[in-house]
Amino acid sequence: MQQKADSLLITVFAAPAQLRAGLVDVSVLIQNFENDQPVLDAQVQVILRSQSGMTVRGEATRAEAKNKLLYSTLVNLPESGQWQIEVEVKQGAKDSKVAGSLVVAPALPFFLGYWRWLALPPFAIALFILNQRLKNRMRAR
């Protein structure tokens with residue numbers, strides 16, 4: 001989501017790309033609209049509201065972000081569905097807000113979320129058994 005608010009250009013990113021119930025990383029890039037320079041001295045609040053009335057808040061900080069041009073927060077979305085997101089930016093005496101909506105898919109079942117890691121040991125064992133059979137076959141010749 002990218003919107004102009006007063007003299008700021010506010011861009012909101014969320015990860016993972018397909019939002020699912022559970023932990024979500026919300027990052028905010030704040031730029032001066034006239035010269036596209038990043039704003040690094042703001043206070044940023046991220047507020048998410050579900051259709052059922054549940055509210056989740058998080059303070060986005062540069063300390064949490066891997067990219068220090070972004071403000072980031074980790075929030076837990078407990079349910080799927082349509083969520084409204086509101087980002088409040090305070091820079092000095094100026095307050096700016098942008099709002100939008102998100103669609104959050106249901107959380108992945110445990111097995112589907114970790115299937116790669118759970119499949120690794122049986123795959124390694126199968127490779128070991130195949131190796132041993134090929135060695136035995138070579139010895140028999």
Q: Establish whether Leu19 and Ile47 are linked, either directly or via other cluster members, by ILVMFWY side-chain heavy-atom contacts under 4.5 Å.
A: no
Q. Would you say Met1 and Val24 are hydrophobically clustered, going by side-chain heavy atoms of ILVMFWY under 4.5 Å?
A. yes
Q | Audit row: Val44, Thr61, side chain to side chain contact (heavy atoms under 4.5 Å, CB included) steps and yes/no | A | CA-CA 7 Å; Val44 180; Thr61 63; over 6 Å; no
Q: Would you name the heavy atoms of Ala60 and Val46 that are closest together and state the gap between them?
A: CB-CG2, 4.2 Å
Q: Identify the heavy atoms of Ala107 and Ala21 that sit nearest to each other, and give their distance.
A: CB-O, 3.5 Å
Q) In Å and rounded to the nearest 0.5 Å, what is the CG to CG distance from Asn32 to Asp36? A) 8.0 Å
Q. What are the two closest non-hydrogen atoms of Val56 and Pro78, and how far apart are they?
A. CG2-CD, 4.2 Å
Q) Would you say the side chain of Thr55 lies within less than 4.5 Å of the side chain of Arg57, judging by non-hydrogen atoms? A) yes
Q) Any sub-3.5 Å donor-acceptor pair from Gln2's side-chain atoms to Thr11's backbone N or O? A) no
Q) Within the side chain of Tyr71, is there an N or O that forms a donor-acceptor pair under 3.5 Å with the backbone of Ala42? A) yes
Q: Evaluate the side-chain hydrogen bond (donor to acceptor under 3.5 Å, both in side chains) criterion for residues Glu64 and Thr73: first the C-alpha distance (whole Å), next the side-chain angles of each, then the deciding distance (0.1 Å), finally the verdict.
A: CA-CA 6 Å; Glu64 288 287 321; Thr73 186; over 6 Å; no
Q: State whether the side chain of Glu79 and the backbone N or O of Ser50 hold a donor-acceptor pair below 3.5 Å, judged by distance alone.
A: no
Q) About how many Å separate CD of Gln91 and CG of Asp41, when rounded to the nearest 0.5 Å? A) 4.5 Å
Q) Is there a side-chain contact between Ile85 and Val12, using heavy atoms and a 4.5 Å cut-off? A) yes
Q. To the nearest 0.5 Å, how far apart are OG in Ser7 and NZ in Lys94?
A. 3.5 Å
(Q) Does any part of the side chain of Gln82, heavy atoms only, come nearer than 4.5 Å to the side chain of Ser101, both counted from C-beta? (A) yes
**Q.** Closest non-hydrogen atom pair, Leu8 against Ser96
**A.** CD1-OG, 3.8 Å
Q | CD-CD distance between Glu86 and Gln45, expressed to the nearest 0.5 angstrom | A | 10.5 Å
Q: Starting at CZ of Arg137, measure out to CZ of Arg133 and round the result to the nearest 0.5 Å.
A: 9.0 Å
Q: Could you check Ile30, Ile10, Leu29 and say which one makes a side chain to side chain contact (heavy atoms under 4.5 Å, CB included) with Val39?
A: Ile30
Q: Please step through side-chain hydrogen bond (donor to acceptor under 3.5 Å, both in side chains) for the pair Asp25 and Ser72, ending with a clear verdict.
A: CA-CA 7 Å; Asp25 178 18; Ser72 185; 2.7 Å; yes
(Q) Tell me the closest heavy-atom pair linking Trp83 and Val104, and the distance in Å. (A) CD1-CG2, 3.4 Å
Q. Is Asn136 close to Arg139 at the side-chain level, that is, under 4.5 Å between some pair of heavy atoms?
A. yes
Q: Kindly say whether Leu69 contributes a backbone atom to a donor-acceptor pair with the side chain of Asn67 at under 3.5 angstrom?
A: yes
Q.
Let me confirm one number: the NZ-CD distance from Lys4 to Gln31, rounded to the nearest 0.5 Å.
A. 13.0 Å
**Q.** Min side-chain heavy-atom separation Met138-Lys135 under 4.5 Å
**A.** no
Q. So, does Arg62 use its side chain to make a donor-acceptor pair with the main chain of Lys68 at under 3.5 Å?
A. yes
Q. Same cluster or not: are Val28 and Leu9 linked, directly or through other Ile, Leu, Val, Met, Phe, Trp or Tyr residues, by side-chain heavy atoms under 4.5 angstrom apart?
A. no
